[in-house]
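Please read these numbers as outputs of a predicted model, since none were measured by experiment.
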Amino acid sequence: MSIFQFLLVMIVPAMISVYAWNFAIWLWRSGNRLGGVGGFLLTLVSGGGSLGYFVFKLLI
């Protein structure tokens, strides 16, 4: 997998992670602390999982 293909494939997971992060910030600021923490954890797991998978594929 070339660097260009890697970047092209990572656009969608990065956009989803940014959206989920902003949603978690909105939940936190609106007083829904538990939802904000869940949103942050969801962002970390989904973003880290997809980034880890694609870095693994890039190295192999």
Side-chain angles (χ1 to χ4, degrees):
M1 179 180 282
S2 71
I3 296 295
F4 178 73
Q5 288 174 333
F6 172 74
L7 292 175
L8 189 62
V9 168
M10 282 303 294
I11 287 174
V12 174
M15 289 173 50
I16 291 171
S17 295
V18 168
Y19 176 79
W21 184 263
N22 287 327
F23 184 64
I25 290 172
W26 177 79
L27 284 171
W28 185 267
R29 288 183 181 164
S30 67
N32 189 349
R33 303 287 188 211
L34 188 59
V37 170
F40 288 128
L41 290 175
L42 179 66
T43 302
L44 291 176
V45 168
S46 64
S50 31
L51 181 63
Y53 172 75
F54 287 118
V55 167
F56 180 73
K57 292 294 272 183
L58 183 67
L59 294 175
I60 291 203

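Note: the hydrophobic cluster containing Val45 does not contain Val12 (ILVMFWY, side chain heavy atoms under 4.5 Å, direct or indirect links). Hydrophobic cluster membership differs between Phe40 and Val18, with clusters built from Ile, Leu, Val, Met, Phe, Trp and Tyr side chains linked at under 4.5 angstrom.
At most 12 heavy atoms of other shown residues, nucleotides or ligands fall within 6.0 angstrom of atom CZ in Arg29.
Summarising the geometry, atom CZ belonging to Phe23 is positioned 14.5 Å from atom CD1 belonging to Ile16; distances are rounded to the nearest 0.5 Å. Between the OG atom of Ser46 and the CG atom of Leu41 there is a distance of 10.5 Å, given to the nearest 0.5 Å.
Each of Asn32, Leu34, Val37 was evaluated against Leu27; a single residue qualifies, Asn32, per the side chain to side chain contact (heavy atoms under 4.5 Å, CB included) test.
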